[in-house]
Amino acid sequence: MKFLPCVILFFSVTAIAQNKEVKEWRDAKNVSVTKNSVKIGAEQINYTATAGYMEMNDEKDTLKANLFFIAYTKDGEADPAKRPLLFSFNGGPGSSSVWLHMGALGPRRILMTEDGNTLPPPYKYVNNEYSWLDKADIVFIDPMMTGYTRPAGKTAHSDYTGYENDIKFVGDFIRLYTSKYKRWASPKYLAGESYGTTRAAGLSSYLQGRYGLYLNGIILVSAILDFGTVETDRGNDLPFALQLPTFAATSWFHKKLDSRYGNLGSLLQEVQQFSLNDYNTALMKGDKLPDAERTTIINKLHDYTGLSKEYIDQTNLRLYVGRYNKELLRSEGKTVGRLDSRFKGDDYDRAGESFDYDPSYNIAIYGGYTAAINDYI
């Protein structure tokens, strides 16, 4: 059983005929190529940035969609077999690749404070000394209806959304990019985040079965491969046990726990053992849980979250994301973030059951990333 971060996750076109050159890859007019450099560690890396559209055609060579991508390739590498190629995307579903691109992996990153807070506008981006470009060339992919990716002509965008259509659409792009830019000899990897980990898992099978394109590895960031682990609803008690360690860590950060829990690592080990054993068993017993055991569980949940015993009893021992975010700092008139629970916000309705908005998204990153990526592109 794997513990998941306290995150709720929301949310093709057939291949071009391979027996001919498709008019010298007609999408060449749709890309912009620039030269740049970035220092990563002690290494100065000169690279080429390619931004624009890959034309996605059906087997009759009819344009059906334009997929927007941004690729970074290190200059001076003559042998593709010696340079790994990483395809990266975020999740949602419904998110562009902006977050991994400008927040972690790409050669530019949004300028923020050391603790992850946004700076006042106008927002800026800087060289990313933590970029993965020293290890691999990176291609950032925007799936259908994200970023600048759109259907062409009268094609319906629904032809490219949904799990299977999305897999085919992104997978066909990966095959096309690999052929166009002569990277079949390169070690190839996928890096997906959130729903993008579900996409990455599906892509590994699709690429192998449809094109014989075998991957060297997959990187899963904030993995979600079994949605039953996060669908907190009546009749599914699994998520409550899996999310408790994240609640405990959040309460610890906001100093809502007893002083005996001074070390976060020790606390999490204790909470995980409790979640997998006593807490999980108690949830499975349902209404058959004896009163004495119920009281013990309530006391432990109080110790690990700082929430009142009365509130925990009223929740029937089950803490939901959103309700927890609202309840933890209710006495202070504050809520905590969902994407990043270090952040605090103020709701219009302080008596509400759940928070009005996510301060870690709406305040900390949404405006800054939106302005910076549009300015950068």
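Small disclaimer: the values here were computed from a predicted structure and weren't measured.
- Under 4.0 Å is where a charged nitrogen must lie from a carboxylate oxygen, and between R260 and D258 at least one such pair does.
- Cluster membership for Y130 and M112, using ILVMFWY side-chain heavy atoms within less than 4.5 angstrom, is not shared.
- To the nearest 0.5 Å, atom NZ of residue K334 and atom CZ of residue R350 are 8.5 Å apart.
- Residues S266 and N263 bring a donor and an acceptor atom of their side chains to less than 3.5 Å of each other.
- Because its NZ or CZ atom is both nearer than 6.0 Å to the ring centre of Y211 and within 45° of the ring axis, R175 counts as a cation-pi partner of that residue.
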(message) Using side chain to side chain contact (heavy atoms under 4.5 Å, CB included), reason through R330 and Y311 one step at a time and then give a plain yes or no.
(response) CA-CA 12 Å; R330 186 185 293 274; Y311 177 80; 5.8 Å; no
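- Rounding to the nearest 0.5 Å places CD1 of I70 at 11.5 Å from OG of S88.
- Using a 4.5 Å cut-off on side-chain heavy atoms (C-beta onward), M145 and P151 make contact.
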(message) Working note: L105 + E193, criterion side chain to side chain contact (heavy atoms under 4.5 Å, CB included); need CA distance, chi angles, decisive distance, verdict.
(response) CA-CA 12 Å; L105 311 187; E193 179 269 343; over 6 Å; no
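- No more than 12 heavy atoms of other residues, nucleotides or ligands sit less than 6.0 Å from atom CG of D291.
- Judged purely by atom type and a 3.5 angstrom limit, T149 uses its side chain to pair as donor or acceptor with the backbone of D142.
- Residue Y320 is not grouped with residue Y357 when hydrophobic side chains (ILVMFWY) are merged at heavy-atom distances under 4.5 angstrom, including chains of intermediate members.
- For the pair E77/D137, no side-chain contact is recorded, criterion being any heavy-atom separation below 4.5 Å from C-beta on.
- Nearest heavy-atom pair across S131 and G106 is CB-O, 3.1 Å.
- Closest heavy-atom contact between Y189 and P84: CE1-CB, 4.0 Å.
- Here N216 contributes atom CG and L85 contributes atom CG; the two are 10.0 Å apart, rounded to the nearest 0.5 Å.
- I219 and L133 end up in the same hydrophobic cluster when Ile, Leu, Val, Met, Phe, Trp and Tyr side chains are linked at under 4.5 Å.
- Using a 4.5 Å cut-off on side-chain heavy atoms (C-beta onward), L328 and T305 make no contact.
- Judged by distance alone, the side chain of H254 and the main-chain N or O of S341 form a donor-acceptor pair under 3.5 Å.
- For the pair N66/E55, a side-chain contact is recorded, criterion being any heavy-atom separation below 4.5 Å from C-beta on.
- Between the S275 side chain and the V271 main chain, a donor and an acceptor come within less than 3.5 Å of each other.
- The two atoms that bring S95 and N90 nearest to each other are OG-CB, 3.8 Å, heavy atoms only.
- Side-chain atoms of S251 and Y324 form a donor-acceptor pair, as typed in the model, at a separation below 3.5 Å.
- Checked for salt-bridge contact, D278 and K300 miss the test: no charged N lies under 4.0 Å from a carboxylate O.
- Checked by atom type and distance alone, the side chain of S97 never pairs as donor or acceptor with a backbone atom of H101 at under 3.5 Å.
- Taking CE of M144 as the start and OG1 of T155 as the end, the distance is 8.0 Å to the nearest 0.5 Å.
- Remark: E353 engages R323 in a salt bridge, criterion side-chain N to carboxylate O under 4.0 Å.
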(request) Given side chain to side chain contact (heavy atoms under 4.5 Å, CB included), test R318 with L283 step by step and report yes or no. (result) CA-CA 8 Å; R318 291 158 175 83; L283 294 174; 3.8 Å; yes
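- Note that CG of D358 is 9.5 Å distant from CZ of F343, once rounded to the nearest 0.5 Å.
- When the side chains of ILVMFWY residues are joined at heavy-atom separations under 4.5 Å, either directly or via intervening members, L111 and Y125 end up in two distinct hydrophobic clusters.
- Closest approach of I218 and S204 over heavy atoms only: CD1-CB, 3.6 Å.
- The closest side-chain heavy-atom distance from L339 to I365 is below 4.5 Å.
- For D375 and K124, the salt-bridge test fails: no basic side-chain N is under 4.0 Å from an acidic carboxylate O.
- Classification of the Y72-Y47 ring pair by plane angle, with boundaries at 30° and 60°, yields perpendicular.
- Taking the six-membered ring where the residue is Trp, W99 and Y369 present tilted rings, their angle falling between 30° and 60°.
- For R199 and F89, the positive end sits near the middle of the six-membered ring, less than 6.0 Å away and at most 45° from its axis.
- Of all heavy-atom pairs between S360 and A364, the closest is O-CB, 3.3 Å.
- You'll find the ring centres of F140 and F87 outside the 6.0 Å limit.
- With a 4.5 Å cut-off on side-chain heavy atoms, I174 and L190 count as touching.
- Look at D159 and K64 and you find no salt bridge, because none of the NZ, NE, NH1 or NH2 atoms lies under 4.0 Å from a carboxylate O.
- Atom CD of Q314 sits in a crowded spot, with more than 12 heavy atoms from other residues, nucleotides or ligands closer than 6.0 Å.
- Considering every non-hydrogen atom in both A104 and N128, the closest pair reads O-ND2, 2.9 Å.
- Looking only at distances, a side-chain donor or acceptor of N325 sits under 3.5 Å from a matching main-chain atom of G322.
- When atom types are taken as modelled, the side chain of D347 and the backbone of G352 share no donor-acceptor pair closer than 3.5 angstrom.
- In this structure, R83 and D79 have side chains that are not in contact, with every pair of non-hydrogen atoms separated by 4.5 Å or more.
- In this structure, N236 contributes its side chain and G228 its backbone to a donor-acceptor pair below 3.5 Å.
- Under the 3.5 Å distance criterion, the side-chain polar atoms of D134 are left unmatched by any main-chain donor or acceptor of I40.
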(request) Determine, step by step, whether V139 and F173 satisfy the side chain to side chain contact (heavy atoms under 4.5 Å, CB included) criterion, reporting the C-alpha distance in whole Å, the side-chain angles of both residues, the deciding distance to 0.1 Å, and the verdict. (result) CA-CA 11 Å; V139 182; F173 164 81; 4.0 Å; yes
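- A donor-acceptor pair under 3.5 Å links the side-chain atoms of T296 to the main chain of A292, judged by distance alone.
- Cluster membership for I373 and Y148, using ILVMFWY side-chain heavy atoms within less than 4.5 angstrom, is shared.
- In the displayed structure, Y366 atom OH is contacted under 6.0 Å by at most 12 heavy atoms of other residues, nucleotides or ligands.
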(message) Pair W252, Y261 - check ring pair (Phe, Tyr, Trp, His ring centres under 6.0 Å), show working.
(response) CA-CA 8 Å; W252 177 90; Y261 298 115; over 10 Å; no
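- For the pair L317/R294, a side-chain contact is recorded, criterion being any heavy-atom separation below 4.5 Å from C-beta on.
- One N or O on the side chain of N374 and one on the backbone of T370 form a donor-acceptor pair closer than 3.5 Å.
- Separating the CG atom in D226 from the OG1 atom in T198 is a distance of 9.5 Å, to the nearest 0.5 Å.
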